[in-house]
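Okay, so here's the structure we're looking at.
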Number of protein chains: 2
Amino acid sequence: MRASDKAYQALLEDIVDGTLAPGTALAEVEQAERLGVSRTPLREALSQLRKDGLIQQTRGRGLTVTDVSLDDIVELYELRQPLEQQAAKLAANRGDIQVFAQLAEEFQNADRLIEGGDAGIKAYYNLNERLDKAIEEAISSAYLVSALKSLHLHLARIRRLSRRDPQRLKAAAIETLVIIEAIVDRNPELAASATQVHMQQSLRNALEAARSREVTQRVS
Amino acid sequence: MRASDKAYQALLEDIVDGTLAPGTALAEVEQAERLGVSRTPLREALSQLRKDGLIQQTRGRGLTVTDVSLDDIVELYELRQPLEQQAAKLAANRGDIQVFAQLAEEFQNADRLIEGGDAGIKAYYNLNERLDKAIEEAISSAYLVSALKSLHLHLARIRRLSRRDPQRLKAAAIETLVIIEAIVDRNPELAASATQVHMQQSLRNALEAARSREVTQRVS
DNA sequence: TCAGCCCCCAGTGTATACAAAACTAATAAC
DNA sequence: GTTATTAGTTTTGTATACACTGGGGGCTGA
């Protein structure tokens with residue numbers, strides 16, 4: 001593995017999981033030393049992350065990890081909504097029915113996973129990832145897939161802010177199941193509508209979680 | 001201006017306008033010398049272009065300019081369609097009516113521009129760019145704007161392949177005018193529908209142009 | 001003649017040294 | 001007291017040298 005890729009992956013993880021909090025300044029020498037690479041590959045990683053929109057040049061402080069405000073969440077969903085909708089439509093048109101039928105079955109048992117403690121939650125997230133992957137494969141449009149990947153990067157960051165509310169997760173699982181079943185039924189319109197519903201609920205939840213988190217932070 | 005930015009811009013232009021044709025291998029030393037920068041900033045530029053999807057790592061030949069096949073055009077429109085639709089919707093919700101009313105007026109006179117030779121065509125393209133800019137400003141969502149920008153990069157490449165058919169340009173101007181008027185009327189649904197129509201026609205035209213071009217190339 | 005292997009070299013990947021720019025802070029002038 | 005200017009220091013940006021890898025071509029042996 002190239003040093004620049006290694007640096008990129010490491011920084012990406014640190015930013016997504018919050019180790020490098022929003023606003024953190026990233027000095028080149030400091031990060032290079034921390035990650036055990038020289039400045040050259042590190043700079044390449046940084047420039048990638050800038051393209052991803054995860055870091056930005058802030059006047060006076062060099063590169064800093066971008067912030068995630070409530071407005072950002074809304075704005076992100078203004079991109080997410082049309083992208084996922086299109087993805088669902090295309091998957092309904094072209095997806096491998098076998099694959100999605102299998103996923104549907106697993107989502108029917110999502111409740112059990114969600115109630116299964118940390119390991120279960122992890123398994124549930126894993127299931128979601130497999131769904132994303134299946135959709136990406138079904139789409140076949142490299143451009144759309146690439147846009148989705150970039151989107152999911154930012155979503156992962158937001159998700160970390162949301163508290164894990166089992167009630168919400170169960171509801172989300174049901175919403176997702178409707179989408180998958182629409183795909184299995186080769187019903188693009190239904191898949192699109194179900195996606196819109198899911199997006200709406202997901203946004204509402206993300207905002208609530210972020211708001212309550214803001215309050216928590218203010219109090220503590 | 002930084003050398004890496006300069007290299008990026010130069011390569012970007014060369015790729016979009018076809019100077020660097022699809023499939024061209026980009027050797028680092030060669031390009032660095034051509035552009036008058038050292039390998040370090042050049043590599044940064046290359047890694048950006050790779051993120052943009054304009055160049056790719058092809059096994060055995062290093063980095064090459066990505067190809068634009070008929071399938072690619074279809075796939076690109078599978079991303080373009082939802083993005084532009086969303087953009088139009090948001091612009092209809094939030095856009096500065098003054099700005100779009102002004103643009104509408106100018107688009108009403110598009111015929112004159114299109115018939116006005118190369119200078120007129122250029123002015124018409126310029127007008128389109130101003131529309132794109134106005135929409136981007138109206139949107140305010142950084143994520144969507146960024147996705148649109150990336151999209152327009154690839155579109156510019158395709159547009160180069162299309163022959164400039166005045167008939168098609170006039171039709172496109174009318175389609176666009178409908179979208180703008182919907183924005184002025186604060187009618188998101190109409191803006192979305194008009195955009196879908198425009199996308200459909202635009203895709204059809206792009207495919208036809210690319211197909212006839214393919215034939216031309218085979219014959220010559 | 002053809003297959004397989006090895007060597008060489010072109011080209012990429014990384015480290016480091018050097019140049020330039022920008023921020024900080026201190027001092028001086030108004 | 002405030003502001004502007006400048007020197008110093010830190011940090012970024014660029015060039016270059018070195019290391020490493022992968023591929024092509026040629027040579028040898030069957």
Side-chain angles (χ1 to χ4, degrees), chain A residues 1-16 19-67 142 146 149-150 153, chain B residues 1-16 19-67 142 146 149-150 153:
Chain A
M1 194 182 198
R2 301 191 316 177
S4 50
D5 293 340
K6 178 181 144 197
Y8 175 76
Q9 291 296 340
L11 286 171
L12 186 64
E13 250 181 61
D14 287 348
I15 291 172
V16 168
T19 307
L20 293 170
T24 308
L26 300 176
E28 291 181 5
V29 281
E30 179 192 341
Q31 294 303 318
E33 275 172 19
R34 183 172 77 90
L35 302 174
V37 300
S38 80
R39 276 182 61 219
T40 306
L42 181 95
R43 279 175 65 91
E44 197 168 320
L46 288 178
S47 88
Q48 301 288 317
L49 291 167
R50 195 163 50 101
K51 267 242 145 152
D52 288 333
L54 291 173
I55 64 181
Q56 67 192 138
Q57 203 120 28
T58 55
R59 141 106 196 152
R61 297 209 301 150
L63 292 167
T64 57
V65 178
T66 53
D67 204 39
S146 148
K149 277 188 178 154
S150 159
L153 232 59
Chain B
M1 194 181 195
R2 301 191 316 178
S4 50
D5 292 341
K6 180 182 142 196
Y8 175 76
Q9 291 296 339
L11 287 170
L12 185 63
E13 253 182 58
D14 288 346
I15 291 172
V16 168
T19 306
L20 293 171
T24 309
L26 300 176
E28 291 181 5
V29 280
E30 179 192 342
Q31 293 302 318
E33 276 173 17
R34 184 173 77 91
L35 302 175
V37 299
S38 80
R39 278 183 59 218
T40 307
L42 181 96
R43 278 176 65 90
E44 198 168 319
L46 288 177
S47 87
Q48 301 288 316
L49 290 166
R50 196 163 48 102
K51 268 238 141 147
D52 288 332
L54 291 173
I55 65 181
Q56 66 192 142
Q57 204 120 25
T58 54
R59 143 108 196 150
R61 295 209 303 150
L63 293 167
T64 58
V65 178
T66 52
D67 204 39
S146 149
K149 278 188 176 153
S150 160
L153 232 59

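Below, chain A is the first sequence line, B the second, and so on; all start at residue 1.
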Mind calculating the distance between [atom1] ([X]) and [atom2] ([N]) to the nearest angstrom?
| X | N | atom1 | atom2 | answer |
| --- | --- | --- | --- | --- |
| A:R43 | D:dA15 | CZ | P | 12 Å |
| B:R2 | C:dA19 | CZ | C1' | 15 Å |
| A:L63 | D:dG13 | CG | C1' | 12 Å |
| B:E33 | D:dT14 | CD | C1' | 16 Å |
| A:Q57 | C:dA21 | CD | P | 15 Å |
| B:L35 | D:dT14 | CG | C1' | 15 Å |
| A:L42 | C:dT16 | CG | C1' | 15 Å |
| A:E44 | D:dT14 | CD | C1' | 15 Å |

Reckon [X] has a side-chain N or O less than 4.0 Å from the OP1 or OP2 of [N]?
| X | N | answer |
| --- | --- | --- |
| A:R59 | C:dC23 | yes |
| A:R39 | C:dT16 | no |
| A:S38 | C:dA15 | yes |

Short side-chain to backbone donor-acceptor contact, [X] and [Y], under 3.5 Å:
| X | Y | answer |
| --- | --- | --- |
| A:S4 | A:A45 | no |
| A:T66 | A:Q56 | no |
| A:T58 | A:G62 | yes |

Side chain of A:E28 only, please: which of C:dT14, D:dG13, D:dA15 is the nearest?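 Minimum distance to the A:E28 side chain belongs to D:dG13.
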Which of the following nucleotides, D:dT14, C:dT12, C:dT14, is nearest to the side chain of B:S4?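 When the side chain of B:S4 is considered, D:dT14 is the closest of D:dT14, C:dT12, C:dT14.
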Could you grab the distance from atom CG of B:L26 to atom CG of B:L49, nearest 0.5 Å is fine?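 B:L26 CG to B:L49 CG: 8.5 Å, rounded to 0.5 Å.
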From CD (A:Q9) to CE (A:M1), nearest 0.5 Å: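 The CD atom of A:Q9 sits 5.0 Å away from the CE atom of A:M1.
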Starting from the 5' end of DNA chain C, give me the residue, B:L26 or B:T40, whose nearest nucleotide shows up first.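 Upstream on the strand: B:L26.
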